[in-house]
Amino acid sequence: MKKVLSILIAVVIVLTLAACSAQKQNNTTENKSTEPSKSDVVDENLLTVDITVPASMFDEGNPASAELSEEQKKQGFKTAKVNDDGSVTYTMSKSSFKKFKESTKQETADTLNSLNADYPCVTSTEFNDDFSEIKIYVNKSDYENGMNFLILLQAGMAANIYQSYTNETVLSNVSVIDKDTNETLDSATYPVAE
């Protein structure tokens, strides 16, 4: 009988301790859901990137808007805010930004490398990693006999669009160079200082 009573008391003690432990765990869970500890709080900017596109990149045909297009949503843009100065700040996840930057960089490189499709005088192009320096090599006589001055504008705008949407400094020096003599025939800096 003494043995049975001892076992019964031991079972009651174990059940009591188990019940108290479960109650304590429930209280801890409740506290975590209502009051996150410092280790549970994650800085939102740790996982997102803000991109501020200057007002000069927008016009009547492409107005600044806080509304995201379907294309922007597909690219991973989460929010857009029009700022007082007319610029727009977009927010996207860092992983989406990385993909967006890589694809935009490739599109810009493709645009610069295919200038000869629109301008047969172009023989080759060179540019650095952030498109701040662009050299367009041309056949001088062909370049001077047409409306080829637009090459500068097209290359500069392509670079500025990439720079604006990828948090690079928006500045690109574009030079048109004679492929035979390395003489600079034309040059311009974009955006043009106002």
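- Between atom CE of residue Met147 and atom CG of residue Asp118 there is a gap of 13.5 Å, rounded to the nearest 0.5 Å.
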TODO: Dump the intermediate steps for side-chain hydrogen bond (donor to acceptor under 3.5 Å, both in side chains) on Ser164 and Asn160, then the final yes or no.
DONE: CA-CA 6 Å; Ser164 294; Asn160 287 173; over 6 Å; no

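- With values rounded to the nearest 0.5 angstrom, Ile177 atom CD1 is found 4.0 Å from Tyr137 atom OH.
- Within the 4.5 Å cutoff, side-chain heavy atoms of Thr125 are placed close to those of Leu115.
- Residues Leu68 and Tyr90 form a side-chain contact, since some pair of their non-hydrogen atoms from C-beta on lies under 4.5 Å apart.
- Side-chain atoms of Val122 and Ile151, non-hydrogen and from C-beta on, do get closer than 4.5 Å to each other.
- Inter-residue side-chain proximity for Tyr162 and Lys101 is flagged as met; some heavy-atom pair is nearer than 4.5 Å.
- Using a 4.5 Å cut-off on side-chain heavy atoms (C-beta onward), Val138 and Asn148 make no contact.
- Between Leu152 and Ser187, the closest heavy-atom pair is CD2-CA, 4.1 Å.
- The cluster map of Ile, Leu, Val, Met, Phe, Trp and Tyr, joined by side-chain heavy atoms under 4.5 Å apart, puts Val170 and Met157 in different clusters.
- Closest approach of Leu112 to Ile134, counting heavy atoms only: CD1-CD1, 3.9 Å.
- With values rounded to the nearest 0.5 angstrom, Ile136 atom CD1 is found 10.0 Å from Asp186 atom CG.
- Interatomic distance, Leu171 CG to Asp130 CG, rounded to the nearest 0.5 Å: 9.5 Å.
- Heavy-atom contacts from other residues, nucleotides or ligands closer than 6.0 Å to CG of Asp59 number more than 12.
- Closest non-hydrogen pair, Tyr190 versus Ala188, comes out as CE1-CB, 3.5 Å.
- Of the possible polar contacts, none joining the Glu102 side chain to the Lys99 backbone as a donor-acceptor pair under 3.5 Å is found.
- In this structure a side-chain-to-backbone donor-acceptor pair under 3.5 Å is missing from Asn116 to Cys121.
- Between the Ser103 side chain and the Phe100 main chain, a donor and an acceptor come within less than 3.5 Å of each other.
- Pairing each heavy atom of Asn145 with each of Ser141, the nearest pair is ND2-O, 2.8 Å.
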TODO: Apply side chain to side chain contact (heavy atoms under 4.5 Å, CB included) to Thr108 and Phe127, showing your working.
DONE: CA-CA 10 Å; Thr108 304; Phe127 41 85; over 6 Å; no

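- The backbone N or O of Ala109 lies less than 3.5 Å from a partner atom in the side chain of Asn113, making a donor-acceptor pair.
- Formation of a donor-acceptor pair under 3.5 Å by the Asn83 side chain with backbone atoms of Asp85 is not found in this model.
- Distance OG1/Thr123 to NZ/Lys140: 14.0 Å, rounded to 0.5 Å.
- Here the two rings, on Tyr143 and Phe149, have centers that are 6.0 Å apart or farther.
- Closest non-hydrogen pair, Lys94 versus Thr48, comes out as CE-O, 3.6 Å.
- Within 6.0 Å of CD on Glu67 lie no more than 12 heavy atoms contributed by other residues, nucleotides or ligands.
- For the pair Val88 and Lys81, the minimum side-chain heavy-atom distance is 4.5 Å or more.
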TODO: Test side-chain hydrogen bond (donor to acceptor under 3.5 Å, both in side chains) on Asn173 and Ser132 and set out the steps.
DONE: CA-CA 6 Å; Asn173 298 307; Ser132 61; over 6 Å; no

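- Closest approach of Val82 and Ser65 over heavy atoms only: CG2-C, 3.6 Å.
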Open item on the list: The test is side-chain hydrogen bond (donor to acceptor under 3.5 Å, both in side chains); show your working for Tyr119 and Gln154 and say whether it passes.
Closed with: CA-CA 11 Å; Tyr119 306 97; Gln154 186 172 345; 3.2 Å; yes

- [ ] List the steps, then state whether side-chain hydrogen bond (donor to acceptor under 3.5 Å, both in side chains) holds for Thr52 with Asp50.
- [x] CA-CA 7 Å; Thr52 301; Asp50 287 340; over 6 Å; no

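- Atom CZ of Phe77 sits about 9.0 Å away from atom OG of Ser96, to the nearest 0.5 Å.
- Ser172 contributes a side-chain N or O that, together with a main-chain N or O of Phe131, makes up a donor-acceptor pair within less than 3.5 Å.
- With respect to the salt-bridge test (charged N to carboxylate O, under 4.0 angstrom), the residues Lys105 and Glu168 do not qualify.
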